[in-house]
Protein chains: 2
Amino acid sequence: MTAKRPKAPRGTSHPDTPADSGSSLDGRKIPAAVIKRLSLYARALQELERQQAEKVSSSELSRLLGFTSAQVRKDLAYFGQFGVPGFGYPVGDLRRNLRRILGTDRELQVALVGVGHLGTALLSYGGFTRQGFRIVCAFDKEVSAPRIGAAGIPVYHIDELEKRLAEHAIGFAILTVSSEAAQAVANRLIAAGISAILNFVPVRLQTPEHVKIHYVDLALEMESLSFYTR
Amino acid sequence: MTAKRPKAPRGTSHPDTPADSGSSLDGRKIPAAVIKRLSLYARALQELERQQAEKVSSSELSRLLGFTSAQVRKDLAYFGQFGVPGFGYPVGDLRRNLRRILGTDRELQVALVGVGHLGTALLSYGGFTRQGFRIVCAFDKEVSAPRIGAAGIPVYHIDELEKRLAEHAIGFAILTVSSEAAQAVANRLIAAGISAILNFVPVRLQTPEHVKIHYVDLALEMESLSFYTR
DNA sequence: GGAAGTCTGTGAAAACCTTCACGGGAGCGG
DNA sequence: CCGCTCCCGTGAAGGTTTTCACAGACTTCC
Ligand SMILES: NC(=O)c1ccc[n+]([C@@H]2O[C@H](COP(=O)([O-])OP(=O)(O)OC[C@H]3O[C@@H](n4cnc5c(N)ncnc54)[C@H](O)[C@@H]3O)[C@@H](O)[C@H]2O)c1
Ligand SMILES: NC(=O)c1ccc[n+]([C@@H]2O[C@H](COP(=O)([O-])OP(=O)(O)OC[C@H]3O[C@@H](n4cnc5c(N)ncnc54)[C@H](O)[C@@H]3O)[C@@H](O)[C@H]2O)c1
């Protein structure tokens, strides 16, 4: 008899690809949504600190950001006891703690790949530095010799990628190349030891588990808005 | 006796501000996350159609995007029965349906306010048009006379906002002004009848319920990545 | 035309996330 | 130092989203 051609990996069940969400820290599991809110708390505290506020209650914070007060308390409680009953949270203290938790208490070195329209706009944005990120250098394939780009950031030819990443101990990349180049560039970044990528290219990247990717997908946001207003 | 000063609206319970998610359509409630995935399905189908694929199964789609096949089926089932058992989903057909559901089967007219670094990059981006959006005109306060900006899009002084929005029947805005101006500009947009805003400014906007706002918050994404790689 | 195999749609279960509600600790005023 | 009030931390409840698992519908191939 002829052997049937094996169509697929076989097996009765197909576990598909699970959608991870959340990471564990210290034993407990932290929902991904909590981390995003942590950033918002940190930013609100920055503003409060600027206003010389000494304390803030969970309900004040929640009103400022549009959450419930219970959520604020629960989110913060994942990471320790920062509040004082009958008083609230000490602003400066909590802010310092959040920055430590998020890892933004130290300046993070970032590389940007793809100095086109969007890449250039990002290079000239001062807001990142304010939040503890520094774009140290940028790369493009259309650069014959190193040059100084927007905001005084050096732009190198993509061939120098590996060398420069190592030189500056960069662990973090922003990806704004064209769609066709995205996967190839991502591969090189990962091979060079990058551990996180903020990807503006509307392409789902294939990456090993240990590399964290966040997508910023503008067309998706627009379509989503479109749905809600039809 | 002296009357105590009324400290707060009173009441023993404080219902805080609830966090909405999802909207109702046709009676059922659609999770917000489903809508985002719908956009991704639509884009994947666009690519499949380009490759002349005639059909696609939920498991193929799920593999392409990194979800589970059950999720794909459930998401699509919110809106009707598009699949054929033993066959899969007809690519062209499903794509047309998704575009209709998302409202991207017609071209949507969009205005952009704040033609700075980021605004200019967005103006010169062709990808929106491909997805069914057209940035019709842009506004800035630093424009003395109407001029033609990137990609041939006219840039007007902000004073002309109301007039031009009405002229082009624009219902949709992208906000890339400076932080200080964001709330004021949003107010004007809303007063002018805009129903959705894609906001790049890291400021929580106060808006009436019927206006849908999506935030693109790059610093937040960076901080979030930072947490996961500490 | 029939049998084997594929793949959808969907209840039910599980996982996950948010809100409720309250005990009790901390400040504060007297 | 005491009592009163405020507000945190947290188990439990409630709600939402994802995954499982399967009946049945459709295709395909002989
Ligand atoms: N511009 C926008 O507003 C916008 C909006 C949403 C998404 N995006 C996405 O961001 C990406 C960039 O958009 P853009 O408008 O800046 O495009 P762009 O064409 O202006 O810039 C792309 C840059 O990447 C460089 N590049 C291409 N291949 C490379 C490689 N292998 N190595 C190094 N550099 C390489 C090009 O030389 C170019 O400078 C695109 O994927 C686009 O889909 C852009
Ligand atoms: N550039 C980036 O990469 C980036 C990244 C993340 C967030 N953002 C945010 O996007 C916004 C814009 O950033 P940018 O770098 O393009 O800044 P920018 O200063 O280059 O541009 C802001 C533009 O808005 C215009 N403007 C200010 N007030 C206005 C008003 N009342 N009416 C009309 N126009 C007005 C200014 O004239 C200027 O052209 C900022 O809020 C920033 O926080 C920018």
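Here the structure is a predicted model, which means the values were calculated and not measured. In what follows, chains carry the letters A, B, and so on, assigned in the order in which the sequence lines appear, proteins first and then strands, with residues in each chain numbered from 1.
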Distance, rounded to the nearest Å, where [X] contributes [atom1] and [N] contributes [atom2]:
X     : N      : atom1 : atom2 : answer
B/F79 : C/dT8  : CZ    : P     : 18 Å
A/F87 : C/dC28 : CZ    : C1'   : 12 Å
A/L61 : D/dC6  : CG    : C1'   : 16 Å
A/L76 : D/dT10 : CG    : P     : 12 Å
B/F82 : C/dG9  : CZ    : P     : 9 Å
B/Q71 : C/dT10 : CD    : C1'   : 15 Å
A/K55 : C/dA26 : NZ    : P     : 16 Å
A/K74 : D/dC7  : NZ    : C1'   : 16 Å

Pick the closest DNA chain D nucleotide for A/A77 and for A/G86 by heavy atoms, then say which residue is nearer the 5' end.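 Between the two, 5'-proximity favours A/G86.
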Can you find a side chain N or O atom of [X] that sits less than 4.0 Å from OP1 or OP2 on [N]?
X     : N      : value
B/R37 : D/dT18 : yes
A/S58 : D/dC8  : yes
B/Q81 : D/dA25 : no
B/Y89 : C/dG9  : yes
B/T68 : D/dT19 : yes

Parallel, tilted or perpendicular: which one describes the rings of B/F79 and A/F227, with boundaries at 30° and 60°?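 Rings of B/F79 and A/F227: perpendicular, as their planes differ by over 60°.
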From the list C/dT10, C/dC16, D/dT10, which nucleotide is the closest neighbour of the side chain of A/K29?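 Out of C/dT10, C/dC16, D/dT10, the nucleotide with an atom closest to A/K29's side chain is C/dC16.
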Testing the basics here: between B/L98 and B/Y41, what is the closest heavy-atom pair and its distance to 0.1 Å?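 So the two residues come closest at CD1-CB, 3.6 Å.
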Minimal non-hydrogen separation, B/I101 against A/R230, with atom names: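 Smallest interatomic distance, heavy atoms only, reads O-CD, 3.7 Å.
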Rounded to the nearest 0.5 Å, what's the gap from OG on B/S226 to CG on A/D105? Could you check?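 The CG atom of A/D105 is 8.5 Å from OG of B/S226, to the nearest 0.5 Å.
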Quick one about B/Q109 and B/H168 (side-chain donor to acceptor, distance below 3.5 Å, no hydrogens or angles considered), yes or no?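 Note: B/H168 and B/Q109 side chains miss the donor-acceptor criterion.
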